[in-house]
Amino acid sequence: MNKNLGNIFKGDKVIWMVFFFLCMISIVEVYSASSSLSYKGGNYWSPIIKHAGILLFGTFAMVCVLNVKCKYFKLVTPILLGISFLSLLWVLFAGQATNDANRWVSFLGIQFQPSEIAKGALILAVAQILSAMQTDKGADRKAFNYIMIVSAFIILPIVPENLSTAMLISVTVLLMMFIGRVPLDQIGKLIGITVLGVVLMVVLIMIAGKEDAPVSEKQVLTEQVVEQQDKPGGVDKLLHRFGTWKSRIKKFMNPEYVAPEHYDLDKDGQVGHANIAIASSNIVGKGPGNSNERDFLSQAFSDFIYAIIIEEMGIEGAALVALLYIILLFRTGKIAHRCENSFPAFLAMGIALLLVIQALFNMLVAVGLAPVTGQPLPLISKGGTSTVINCIYIGVILSISRSAKKKEISDEPSFSPMQNQGKAESLITSLA
């Protein structure tokens, strides 16, 4: 019996425990936060059964992936890059809209977000480039150019419809380059250009963004009204998200204090009810299943689930969730340190950084320290594509932990920089 369990639960036991606790918290909190879905569907158990099924499928996918040797991940990189680029173009011009954003496509009856696949594909590519271009003095300067080319193919198509995801991937790639010892002057120039680009982007958004007329979040458009609405075309299709971004920036940057009795919960219900949930927790929380604000937060089970966790589990529960992500990052760092080769080390750290940064985005939004972004809490928020893909990410880390060996200290590099440079060039060529 123990041998059979050992064959299933392979890899680092700490990563397994973090995954288990995140899934348990997810089941409890999604079940509690799905009251609106239960009311609309007329079935109290349906949302949690569906979510638990997705988690089980994700766990199955994770177990399959952790049994794949790390060297095979390199083989799928060009394929995933090609699929990601084509599907991102597909969703950009013919995607299905949800909450005023075209982020979904349907294939063989399965609806998914191409950006979720693209994130993993880009991390695979960057890890491969960094490992192939390593020298005894750090990454070759050409590695920076290759990473910028691959990143442009993936990140730029994401920007028009999902700016927060594009920012998330960009920050992850930047940190991977820092860990991969890309020359600091190149990283410094990139940061400077990025800051300038962000400033210009904000200015463009504030000038070109057209805010919609105030609409109560309690109002629901009927299918007939939605069908009658004009769909944006041409330039408007690329800029239709500017109004949403402008509204979010103005709300976040507005320093004016609004008294509770004057706060418009119909207009700014998401942020307002999230603040109420946190404030009403009374530090110790109301206990699992006792949230009141879940009935008013339309995204209580997704974007704002951290606010519900605070309301029900208190500061201790919120700290526990944050601690689990911190443990995931540091434990992955320890696994990466044991890796004999650089590719699995960069890949493991890239995935861990992606998950932890996304979690940080979600938590900052929930507590009002960042503008609303629409990023779910990894492995906790209710989701389909994102939940399964995040489980696969954990499977990759577990696979790397199985084969990680203690690095032998050597004065001589165990690779040929010229040979590895050819591998990086072939990866770029395959994408182009």
Side-chain angles (χ1 to χ4, degrees), residues 17-18 20-39 44 47-48 51-52 55 164 217-218 248 251-252 254-329 355-383 387:
M17 292 302 296
V18 169
F20 173 78
F21 282 118
L22 288 175
C23 287
M24 291 300 100
I25 293 173
S26 176
I27 290 174
V28 172
E29 292 303 324
V30 169
Y31 179 56
S32 174
S34 298
S35 59
S36 60
L37 294 179
S38 301
Y39 177 77
Y44 191 69
I48 191 59
H51 180 63
L55 280 176
S164 61
E217 290 191 4
K218 294 180 181 179
R248 290 176 176 178
K251 289 177 183 178
F252 180 72
N254 186 8
E256 182 182 353
Y257 172 75
V258 179
E261 61 271 16
H262 297 144
Y263 196 92
D264 189 350
L265 286 176
D266 288 339
K267 183 179 178 181
D268 301 317
Q270 290 279 58
V271 176
H273 286 294
N275 292 336
I276 294 173
I278 295 172
S280 62
S281 67
N282 293 324
I283 300 178
V284 296
K286 299 176 179 178
N290 294 322
S291 169
N292 293 324
E293 297 308 311
R294 64 188 176 187
D295 297 326
F296 304 98
L297 273 168
S298 60
Q299 297 295 322
F301 48 82
S302 180
D303 300 350
F304 286 88
I305 196 169
Y306 193 64
I308 303 301
I309 291 174
I310 297 175
E311 182 184 11
E312 295 189 348
M313 302 174 63
I315 300 300
E316 298 87 349
L320 173 62
V321 171
L323 180 62
L324 288 173
Y325 289 111
I326 294 173
I327 293 173
L328 173 64
L329 179 62
L355 293 173
V356 173
I357 293 173
Q358 182 174 331
L360 181 62
F361 272 33
N362 179 279
M363 291 186 282
L364 289 177
V365 170
V367 299
L369 295 179
V372 178
T373 60
Q375 290 295 326
L377 193 59
L379 296 172
I380 292 183
S381 293
K382 183 180 182 297
T387 299

Do you know the tightest heavy-atom contact between [X] and [Y]?
| X | Y | answer |
| --- | --- | --- |
| His51 | Val30 | NE2-CG2, 3.7 Å |
| Ala366 | Phe304 | CA-CD2, 4.2 Å |
| Leu379 | Thr387 | CD2-O, 4.4 Å |
| Met313 | Glu316 | O-OE1, 3.9 Å |

Backbone N or O of [Y] within a donor-acceptor pair of the [X] side chain at under 3.5 Å?
| X | Y | answer |
| --- | --- | --- |
| Ser281 | Glu311 | no |
| Arg294 | Ile308 | no |
| Tyr306 | Ala318 | yes |

Can you tell me how far apart [atom1] ([X]) and [atom2] ([Y]) are? Round to the nearest 0.5 Å.
| X | Y | atom1 | atom2 | result |
| --- | --- | --- | --- | --- |
| Leu328 | Leu324 | CG | CG | 9.0 Å |
| Ile283 | Ile278 | CD1 | CD1 | 13.0 Å |
| Ile315 | Ile309 | CD1 | CD1 | 12.0 Å |

Please tabulate, for the side chains in residues 358-365, all donor-acceptor contacts under 3.5 angstrom to protein atoms that are two or more places apart in sequence or on a different chain.
residue	atom	partner	partner atom	Å
Gln358	OE1	Lys119	NZ	3.1
Gln358	NE2	Pro376	O	3.0
Asn362	ND2	Asp303	O	2.9
Asn362	ND2	Gln375	O	2.7

Is there a side chain to side chain contact (heavy atoms under 4.5 Å, CB included) between Lys286 and Asn292? Walk through the geometry before answering. CA-CA 9 Å; Lys286 299 176 179 178; Asn292 293 324; 3.0 Å; yes
Is a donor from one side chain sitting under 3.5 angstrom from an acceptor on the other, for Glu293 and Ser280? no
When you compare the side chain of Tyr31 with that of Pro288, does any pair of heavy atoms fall below 4.5 Å? no
